[in-house]
Amino acid sequence: MVREAQPVRIRTRAETLGSPDGNGVADATMPTTGPLVDAFGRIHRDLRISVTDRCNLRCTYCMPEEGVVFLPRQEVLSYEEITRVAAAAHRLGVTTVRLSGGEPLLRQHLHRLVGYLSGVGFEDIAATTNGMFLAARAAELRDAGLNRVNVSCDSLDPEQFARIRRGGHLATVLAAMDAAEVAGLTPVKVNVVLVAGINDGEVEAFAAFGRETGRTVRFIEFMPLDASGTWDRSLVVAAGEVVERIGSRWPLEPVPDQEGGPAVRYRYRDGAGEVGVIASVTQPFCGSCDRLRLTADGNVRNCLFAHEEISVRDILRGDQVGDGAIETALRRAVWRKRAGHGIGEPDFTRPRRTMSMIGG
Ligand code: SAM
Ligand code: SF4
């Protein structure tokens, strides 16, 4: 079965440069100087860049098994185009970038992009990867300026791993974590998406893995961004339950003075490192969200769950429009951000783009 590419509301260049807003936030009151701020006062410092919508795996909670329609190559931003947008964001106060996808390491010569971004002057350049191609490229990425990686791994049982991710090899991914550490891409964090009835029995095993390896395991709540549309609240393993289960075996305490990030961090009282939970569904962190996203085809999204995007590709590929127009588009996208994602509210609707098309 071939899945139809879902339409997304994308603003044209003319709209991007001067339309009334679509979210009930008046563009007329948008600041034109200072940091990237939204109408609720949240200052944006973190840019998530999806470099491709393609992936070598088909994780059950993310992509359909077959028939995915990928973006035509000419619609995907070049490294030079991505860098121009990132540099504009940097001028507006963005300090950290994370490369994602799809699988970012499917993109050839990714170290070139890392090198360009490094030249822009970001404080931190990170990537999220499924780890299948990381081991061989960890050193070149580090040399180009990548600081650290998050590696996704949803089971410590090889067969279960392959069932959930519909491919891949646990041994390769574990070796990639080792290689990343040898290359200095540290700290390596391990992302685990928990789905009730599938891998929630592995919470303690992952905690033990983190304690033994010194890696921070981060348990992520399943979000309604799966291509199959099977997400249901009953499949979400609440972060609170995860913390309780781990803490009853190995006492935990919250890490003091945490900055407002997606992960809530806990440390083991016996000094065996940290564990994190990302409670996007049960305890949303929208109030302190400082992220904006750039999709592989050059659209700025202010939230994973946004229904509207602003195209910067039209600006990048148009003529006689300078970097000021990119900055305005970024400001506008951020200014229009909603207060929260609204999962669980009666009027919540899933975005048309799913996780691999947005960049997690
Ligand atoms: N392919 C890379 C990977 O798997 O790490 C990067 C892209 S992936 C979309 C980024 C992160 O989003 C991964 O940690 C993945 O497990 C997570 N993710 C994907 N679909 C999700 C969903 N429906 N709910 C929560 N997390 C999800
Ligand atoms: Fe690919 Fe990552 Fe999505 Fe899995 S979670 S299908 S590896 S993009």
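First listed ligand is number 1; within each ligand, the first listed atom is number 1. Just so we're clear, the structure is a prediction, and the values are computed from it rather than from any experiment.
Of the heavy atoms in Met63, none comes closer than 4.0 Å to ligand 1.
The N/O atoms of Ser100, backbone and side chain alike, include none that comes under 3.5 Å of an N/O atom in ligand 1. Taking any N or O of Met223, backbone or side chain, at least one lies under 3.5 Å from an N or O belonging to ligand 1. Backbone and side-chain nitrogen or oxygen atoms of Ser356 are examined, and none is located within less than 3.5 angstrom of a nitrogen or oxygen of ligand 1. Taking distance alone, with nitrogen or oxygen atoms compared against 3.5 Å, Gly101 stays at or beyond that limit from ligand 1.
Inspection of the Asn56 and Asn130 side chains reveals an N or O donor paired with an N or O acceptor under 3.5 Å. Residues Thr96 and Asp46 have side chains that bring a donor and an acceptor to within less than 3.5 angstrom of each other. Checked by atom type, the side-chain pair Tyr79/Arg84 shows no donor-acceptor distance below 3.5 Å. One side chain, Thr295 or Asp297, offers a donor N or O that lies under 3.5 Å from an acceptor on the other.
A donor-acceptor pair is defined here as one N or O able to donate and one able to accept, closer than 3.5 Å; no such pair exists between the side chain of Arg218 and the backbone of Asn191. Checking side-chain atoms of Arg107 against main-chain N and O of Val51 turns up a donor-acceptor pair under 3.5 Å.
Residue Arg54 places no heavy atom under 4.0 Å from ligand 1.
Ligand 2 places these atoms under 4.0 Å from at least one heavy atom of Arg165: 4 (Fe), 5 (S), 7 (S). Close contacts between ligand 1 and Thr129 involve ligand atoms 2 (C), 3 (C), 5 (O) [criterion: under 4.0 Å to a heavy atom]. Every atom of ligand 1 with a heavy atom of Gly102 under 4.0 Å away is listed here by number and element: 1 (N), 2 (C), 6 (C), 7 (C). Interface of Asn191 with ligand 1, defined as ligand atoms under 4.0 Å from a residue heavy atom, comprises 14 (O). Shown in contact with Glu103 at under 4.0 Å from a heavy atom are these atoms of ligand 1, numbered in order with element: 1 (N), 2 (C).
By the 6.0 Å and 45° rule, Arg211 stacks over the aromatic ring of Tyr268.
Legend: protein N/O/S atoms lying under 2.8 Å from atom 3 (Fe) of ligand 2, waters omitted, number 1.
Atom 5 (O) of ligand 1 has its closest protein heavy atom at Ser152 OG, 2.5 Å.
Remark: among candidates Thr128, Asn56, Val173, the nearest residue to atom 11 (C) of ligand 1 is Thr128, based on non-hydrogen atoms.
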